[in-house]
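Worksheet: the structure to be examined is printed underneath.
Note on naming: letters A, B, ... go to the chains in the order of the sequence lines (proteins, then strands), and numbering restarts at 1 for each one. As the structure is a prediction and not an experimental result, all values here were calculated from the model.
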Amino acid sequence: MAFHLSSPSNLCHDCQPLCNSISPSHILQLTPSLFSWRARNFCHSLNLTFLSPSQTRNSLSSHIRPLQVSLHDSVAQESQANPSTMQESPASDGKTNSSSKSYIWVNPTSPRASQLRQKSYDARYKYLTKVSQSLDLCNPTEEDVFQVLSGLGENPLEQDAVIVLNNMENPDNALLALKYFQLKLKPKREVILYNVTLKVFRKSRNFNRAEVLLEEMLKKGIKPDNVTFSTIISCARICSLPNKAVEWFEKMPQFGCNPDDVTYAAMIDAYGRAGNIDMALSLYDRARTEKWRIDLVTFSTLIRIYGMSGNFDGALNVYEEMKALGVKPNLVIYNTLLDAMGRAKRPWQAKSLYKEMTTKGYSPNWTTYAALLRAYGRARYAEDALNVYREMKEKGLELNVVLYNTLLAMCADLGYTDEAVQIFEDLKRSQTCEPDSWTFSSLITIYSCCGKVSEAEGMLNKMLEAGFEPNIYVLTSLIQCYGKANRTDDVVRTFDRLLEMGITPDDRFCGCLLNVMTQTPKEELGKLIGCIERANSKLGFVVKQMLGEENGEVLRKDATELFSNISMDVRKAYCNCLIDICVNLNLLERACVLLDLGMSLEIYTDIQSKSPTQWSLHLKSLSLGAALTALHVWMSDLRKAQENGEELPPLLGINTGHGKHKYSDKGLAGVFASHLKELNAPFHEAPDKAGWFLTTKVAAKSWLESRSSPDIVAA
DNA sequence: AGAGCCGGTA
């Protein structure tokens, strides 16, 4: 929709020259205040009118150059396509006659007028972006680029040059276009032309050429400004050259530039991504002490930096500071916080933040759900994670493959077979993603852990068909699977395959072999020991020694060395397995040596505890063999205490834990209960305390006296 | 004419 001054006959003679001097491009730039000032001072009846499309073309054609012709053409077409905007205008009350319909009166200060100006500006902008697109597509020659630009007329406007360059993407042609504008116009602020050209290089992620252009600008003596620096800094950041970002940031003072809040925000982000967290935080400190305005994006950047660096309380502190400063967090802030709490493995905090967020009226978006799913999934909050999943499905939000995999890994960890199968089916139906090696790996793990050999093998074949090679995680699961099914030869075959593939067994894999040994009959153990020796000679040595003739002290020494050489997170698993193997082979004395070693190395802590009213045995996270060994040790300690004339407390208790162990519906608690029964132990499951077996001083006393120690574990 | 919230797993 175009607007124009009404015909000169409506104006007083004072206004005539003004009217004639207004070119279409000036009309586009009129501001409300300017317009009303002129209206007040120069004429009594200055009216704005709409022209009909044909009138627009006729009345303007005399002033305008090719560019403006096409501009106004497109405006006219738009008004034809959307005539309702005319009828909505203030003058159109529905009763107007046909002749007044094409000349609708608009108050220049009205919102309607500003809407119209916006529309005209939009149309011109649209035209200039088309020029940018043509420039991107034409040959990278001076001839072709200049040819396209000649459409802007002999004297292009600096403002138009900025818009054209700003919307370009082709860096070669942008350089030529810049050259053209430098030839054709005397830029008042040449730095702006350079700044927008720098942005073109940033779009194509070409830091080197951006830097060359900037150097050229400086050589010409053009003074850079904050925009120049924030552009080159963000370009360096995008191109993963954080050191370059720092380098240019530090050059700012020598060009008389003081970083402002935008530049600081960019630098906080650049330092954060460069891993220079200290610098990022010290800029934040400066921003705080110097009372700069810190916007929400920077706050979220800070929370992200803290979250990535593992300082989760730091992340929460930023949030508290925001509150203290009266800055209202938005959805992005909440999402970043939720993500940090997920990384922190603090699902309960994610939960309460989510609650707070929804109470404040924010509705979750995809990012929110993704953060929650990661937080709950990683922490094995199965019900919460599955609820988020269901809610996403209900809302039609698509998961990506990583989110699916997070859910499946959680199901694998918890033994949620049915859920996993359903989720896998859902993933296969999904339009947006397909299973990858992580997906197959989780499913193979699930089937392996419940000993479903044919299903696990079937999934392995599907994985191979999909073009994925089995990796160490898949082979670890398969070995576990064959071990559970007592298919020792398949375990060995799979192990050979791993070595053939050039994969180096890791601590976890060896732990799995050890675990298979705990389930394997004595006659077959030799085959597995052979694998273990090839996988980890130190471990193989300790296992052989444990089953051989050496005395306990030698075993203790070598096992100590082994434990100092494996990663912390598998030490307990190794110790549990080694003790289980001993217990299975009735090597009680060695089991005791290993348990004692485990306690002195703090692999096991606080197994026994004493308070004035109760002595307890804590078996949580011990394997069955280790738990029985610990019970044996405890009983002999109790007996010793009695012999020394020490009084037993009124209550004695054994804590096996809740027994919600994965892939076992009974867990240690269930298995342990039957063992206690076999031992005629007077411990009874406490009805109000899950996982606790209790007895009284009197019952314990007579039972201890009736038992001789060595046969306990043998049961 | 400037930053950038968009997520990445055993």
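- The shortest heavy-atom contact between A:Y389 and A:D426 is OH-OD2, 2.7 Å.
- In this structure, A:Y376 and A:Y381 have parallel ring planes: the angle between them is below the 30° cut-off, well short of the 60° mark.
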Side-chain atoms of residues 170-177 of chain A: list all donor-acceptor pairs with protein atoms under 3.5 Å, sequence neighbours left out, distances to 0.1 Å.
{"residue": "A:N170", "atom": "OD1", "partner": "A:D172", "partner atom": "N", "Å": "3.0"}
{"residue": "A:N170", "atom": "OD1", "partner": "A:N173", "partner atom": "N", "Å": "3.2"}
{"residue": "A:N170", "atom": "ND2", "partner": "A:D136", "partner atom": "O", "Å": "3.0"}
{"residue": "A:D172", "atom": "OD1", "partner": "A:R209", "partner atom": "NH1", "Å": "3.1"}
{"residue": "A:D172", "atom": "OD1", "partner": "A:R209", "partner atom": "NH2", "Å": "3.0"}
{"residue": "A:N173", "atom": "ND2", "partner": "A:L135", "partner atom": "O", "Å": "2.6"}
{"residue": "A:N173", "atom": "ND2", "partner": "A:C138", "partner atom": "O", "Å": "3.0"}

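- At a cut-off of 3.5 angstrom, counting only N and O atoms as typed in the model, there is no donor on one side facing an acceptor on the other between the side-chain of A:N400 and the base of B:dG7.
- The pair A:E190-A:K220 counts as a salt bridge, with a side-chain nitrogen and a carboxylate oxygen less than 4.0 angstrom apart.
- Contacts between residues 198-236 of chain A and DNA chain B, counted as heavy-atom distances below 4.0 Å, involve A:K199, A:R202, A:D225, A:N226, A:V227, A:S230, A:T231, A:S234.
- Summarising the geometry, atom OG1 belonging to A:T494 is positioned 11.5 Å from atom CG belonging to A:L499; distances are rounded to the nearest 0.5 Å.
- What separates CG of A:N405 from P of B:dG7 is a distance of 18 Å, to the nearest Å.
- With distances taken from any side-chain atom of A:W438 to the nucleotides B:dC5, B:dA1, B:dT9, the minimum falls on B:dT9.
- Counting to the nearest Å, the C1' atom of B:dC6 and the CE atom of A:M308 are 12 Å from each other.
- Distance from the side chain of A:S441 is smallest for B:dA10 among the nucleotides B:dA1, B:dC6, B:dA10.
- Note on A:N166: only backbone sugar-phosphate atoms sit closer than 4.0 angstrom, heavy atoms only; bases stay farther off.
- At the heavy-atom level, A:V401 lies under 4.0 Å from base atoms of the strands shown.
- A:S300 places no side-chain N or O within donor-acceptor distance of the main-chain N or O of A:V332, the cut-off being under 3.5 Å.
- Summarising the geometry, the separation between CG on A:L296 and P on B:dC6 is reported as 13 Å, rounded to the nearest angstrom.
- In this structure, A:M267 places its CE atom 15 Å from C1' of B:dG4, rounding to the nearest Å.
- One interatomic measurement links the two molecules: CE of A:M392 to C1' of B:dG7, which rounds to 11 Å at whole-angstrom precision.
- Between the side chain of A:S300 and the base of B:dG4, no donor-acceptor pair under 3.5 Å is found.
- Nucleic acid contact for A:V297: base, since at least one base atom lies under 4.0 Å from a heavy atom of the residue.
- Of the inter-residue distances, the one linking A:I303 atom CD1 with A:M341 atom CE reads 9.0 Å to the nearest 0.5 angstrom.
- Atom CG of A:L302 and atom C1' of B:dG4 are 13 Å apart (whole Å).
- The side chain of A:V332 sits closest to B:dC6 out of B:dG4, B:dC6, B:dA1.
- Heavy atoms of A:T263 sit under 4.0 angstrom from at least one base atom.
- With a 4.5 Å cut-off on side-chain heavy atoms, A:L386 and A:R390 count as touching.
- Atom CG of A:D260 and atom C1' of B:dG2 are 8 Å apart (whole Å).
- Of the two residues contacting DNA chain B, namely A:I238 and A:N471, the nearest-nucleotide position lying further toward the 5' end is that of A:I238.
- The nearest whole Å value for the distance from the CH2 atom in A:W366 to the C1' atom in B:dG7 is 6 Å.
- At a threshold of 4.0 angstrom between heavy atoms, the contacts of A:A409 with the nucleic acid are absent.
- Nucleic acid contact for A:N330: none, since no nucleic acid atom lies under 4.0 Å from a heavy atom of the residue.
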